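Take a look at the structure set out below.
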Amino acid sequence: AVATADGVPFQTLQEALTAGGNVVLLQDITATDKLTAAATATLDLGGYNLTLANVEGNYALIVKGDLTIAGNGTIVAPGGYGIGVSTTGKLTINGGNFFATEINDYIIGNWGEVTINDGFFWGIYNVLNTFAEGSGTAVITGGQFMTDETDYTGDYESETILGINTTVTGGQFDKLASEYVADNYAYITTGEVVRLAEVIADDIVTLESDVTMTEKLSVSGTTILDLNGHTLTLADLGYAYSLVVSGDLKIVGNGTIVAPGGFGIGVAAAGYLTIENGTFIAGTYNDYIVGNYGITVVNGGTFNGTYNCV
């Protein structure tokens, strides 16, 4: 037997996936034909390697049901396409290592529903593509994602994530476009996607993506916020400050801060704000880009206020 499904041994992985339930690999497997997961199943790699078939012009593992992949094994996609999630399919990845070869376009092509909570992904051109012509969605909460186009034989510039309806709230990436980062989260210079409110309180934060906030930010410690040329759009909290400084905040990096609400940055009595550069833009009903009750030092920057800048 090469795998079990709910403890029942099967001679092929396809038979085990068809049976569904808890599917556990018992050895390394090299598939020679397309695999289909149409049932509800958890595929426990069990520390083994699953090498998918090189299926010309098609996906090597097609998910039509509800498949969860877990365990510390490895899935290798040697063909042009790896795992394909159909419009009826749901794929959840909680662990494992996923590798593409030099002719691979997509480790995962998605028309259904994909959730990635953990795992290591090494793509050549693209790890996950949620296709625009489908109705698919994807959520990434964790994992490590890398692409290396050195040996890629295709015609496109590699992108870790592609497509529409993809939201990232965690994980580490070697490259990630701003459009995939969820509201209130930031892709920072360490390669991580983090909740901005959790790291800005007392840290050095360098943005690698634009950020849109829907919640208040507070700086209580000593923080350097390096916008790094990106745009931070503060939350519209009406006539409450969207960024409250009760510690020591320095803003650098020649980026942009947009204050769409009535009040933008509020410096408390114990707060110290230094603005070295950047562009600060008020919304249509903004009273103050910066409301100061403490100490504010402006060494540079461009301010476009509606009623009052500082």
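Just the heavy atoms: all of them, side chains too, but no hydrogens, waters or symmetry mates, feed the values below. Just so you know, these numbers come straight off a predicted model, no measurement behind them.
- Under the 3.5 Å distance criterion, the side-chain polar atoms of N126 are matched with a main-chain donor or acceptor of T160.
- How far CG of L232 is from OG1 of T212: 8.5 Å, rounded to the nearest 0.5 Å.
- A donor and an acceptor atom, one from each side chain of E15 and T12, are located under 3.5 Å apart.
- When all heavy atoms of A16 and V23 are compared, the pair lying nearest together is O-CG2, 3.5 Å.
- Side-chain atoms of N184 never come within 3.5 Å of backbone atoms of M213 as a donor-acceptor pair (strictly under, hydrogens ignored).
- Hydrophobic clustering keeps L91 apart from V55 (ILVMFWY residues linked when any side-chain heavy atoms are closer than 4.5 Å, directly or through intermediates).
- In N308, the CG atom is crowded: over 12 heavy atoms of neighbouring residues, nucleotides or ligands sit closer than 6.0 Å.
- V310 and L227 fall within a single hydrophobic cluster, where Ile, Leu, Val, Met, Phe, Trp and Tyr side chains are chained together by heavy-atom contacts under 4.5 Å.
- Cluster annotation: Y180 and I140 are assigned to the same hydrophobic cluster (Ile/Leu/Val/Met/Phe/Trp/Tyr, side-chain heavy-atom contacts under 4.5 Å, transitive).
- Between L249 and T222, the closest side-chain pair of non-hydrogen atoms is not below 4.5 Å.
- With hydrogens and angles left out, the side-chain atoms of D66 and T40 include no donor and acceptor closer than 3.5 Å.
- Using a distance-only test at 3.5 Å, with no hydrogens or angles considered, no donor-acceptor pair links the side chain of N277 to the main chain of G301.
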**Item:** Full working for side chain to side chain contact (heavy atoms under 4.5 Å, CB included) between N97 and I75
**Value:** CA-CA 6 Å; N97 303 301; I75 292 180; over 6 Å; no
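- Of the possible donor and acceptor atoms, none in the side chain of Y185 sits under 3.5 Å from a partner among the backbone N and O of G170.
- Atoms CG and CG, from L234 and L237 in turn, are 8.5 Å apart once rounded to the nearest 0.5 Å.
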**Request:** Take Y288 and Y241 through the test ring pair (Phe, Tyr, Trp, His ring centres under 6.0 Å) and record every step on the way to the result.
**Result:** CA-CA 9 Å; Y288 314 117; Y241 284 101; 7.2 Å; no
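- D44 contributes a side-chain N or O that, together with a main-chain N or O of G46, makes up a donor-acceptor pair within less than 3.5 Å.
- Using a 4.5 Å heavy-atom threshold, the side chains of I224 and V205 count as separate.
- Taking both residues in full, the closest heavy atoms of F303 and C309 are given as CB-SG, 3.7 Å, listed atom of the first, atom of the second, then distance.
- Between L17 atom CG and L61 atom CG the span is 7.0 Å, to the nearest 0.5 Å.
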**Stepwise side chain to side chain contact (heavy atoms under 4.5 Å, CB included) test for T223 and D248** = CA-CA 6 Å; T223 298; D248 186 339; over 6 Å; no
**Request:** Would you check, one step at a time, whether the test side chain to side chain contact (heavy atoms under 4.5 Å, CB included) holds for F121 with I93?
**Result:** CA-CA 11 Å; F121 300 83; I93 298 177; 3.9 Å; yes
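- Heavy atoms of other residues, nucleotides or ligands lying less than 6.0 angstrom from OH of Y307 number 12 at most.
- With rounding to the nearest 0.5 Å, the separation of CG in D33 from CG in L52 is 11.5 Å.
- Sorted pairs that involve residues 10-29 and meet ring-ring contact (aromatic ring centres under 6.0 Å, His included), not counting sequence neighbours, are lacking altogether.
- S178 places a side-chain N or O within 3.5 Å of a backbone atom of D210 that can act as its donor or acceptor partner.
- The ring of Y106 has its center closer than 6.0 angstrom to the ring center of F131.
- Contact record, T130 with A138: OG1-CB, 3.5 Å, taken as the closest heavy-atom pair.
- Annotation for A1 and P9: closest pair CB-CB, 3.6 Å, computed over non-hydrogen atoms.
- At a threshold of 4.5 Å between non-hydrogen side-chain atoms, the residues T274 and E276 count as touching.
- Remark: E113 pairs with no residue by the side-chain hydrogen bond (donor to acceptor under 3.5 Å, both in side chains) rule, at least two apart or across chains.
- For the pair L128 and N110, the minimum side-chain heavy-atom distance is below 4.5 Å.
- Between the side chains of N94 and N117, at least one donor N or O lies within less than 3.5 Å of an accepting N or O.
- Atom OG1 of T115 sits about 6.5 Å away from atom NZ of K90, to the nearest 0.5 Å.
- Under a 3.5 Å cut-off, the side chain of Q14 and the backbone N or O of T36 do form a donor-acceptor pair.
- Side chains of D183 and T214: a donor-acceptor N/O pair is absent below 3.5 angstrom, by distance only.
- Using modelled atom types and a 3.5 Å distance limit, the side chains of S86 and T88 yield a donor-acceptor pair.
- Counting heavy atoms of neighbouring residues, nucleotides and ligands inside a 6.0 Å radius, atom CD of E56 does not exceed 12 of them.
- Side-chain atoms of D28 come within 3.5 Å of backbone N or O of N49 as a donor-acceptor pair.
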**Message:** Could you walk me through whether Y239 and D287 satisfy the side chain to side chain contact (heavy atoms under 4.5 Å, CB included) test, starting with their C-alpha distance in whole Å, then the side-chain angles of each, then the deciding distance to 0.1 Å, before giving a yes or no?
**Reply:** CA-CA 9 Å; Y239 288 98; D287 280 354; 3.6 Å; yes
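- A distance of 7.0 Å separates OG1 of T101 from CG of N54, quoted to the nearest 0.5 Å.
- Smallest separation of non-hydrogen atoms from A53 and T32: CB-C, 3.7 Å.
- By the 30° and 60° cut-offs, the orientation of the rings of F173 relative to F145 is parallel.
- Here the closest non-hydrogen pair linking A100 and G123 is CB-CA, 4.1 Å.
- Under the 4.5 Å side-chain criterion, counting only non-hydrogen atoms from C-beta, S242 is not in contact with D236.
- Checking side-chain atoms of N286 against main-chain N and O of P260 turns up no donor-acceptor pair under 3.5 Å.
- The cluster map of Ile, Leu, Val, Met, Phe, Trp and Tyr, joined by side-chain heavy atoms under 4.5 Å apart, puts I200 and V290 in the same cluster.
- Residues L13 and L35 form a side-chain contact, since some pair of their non-hydrogen atoms from C-beta on lies under 4.5 Å apart.
- Between I265 and I251 there is a side-chain heavy-atom pair separated by less than 4.5 Å.
- Contact of the V244 side chain with the L217 side chain is not registered, since no non-hydrogen atoms from C-beta on lie closer than 4.5 Å.
- A continuous path of ILVMFWY side-chain contacts below 4.5 Å connects Y48 to F98, so both sit in one hydrophobic cluster.
- For F263 and Y285, the gap between ring centers reaches or exceeds 6.0 Å.
- Put simply, the side chain of Q172 gets close to the backbone of T190: a donor and an acceptor are under 3.5 Å apart.
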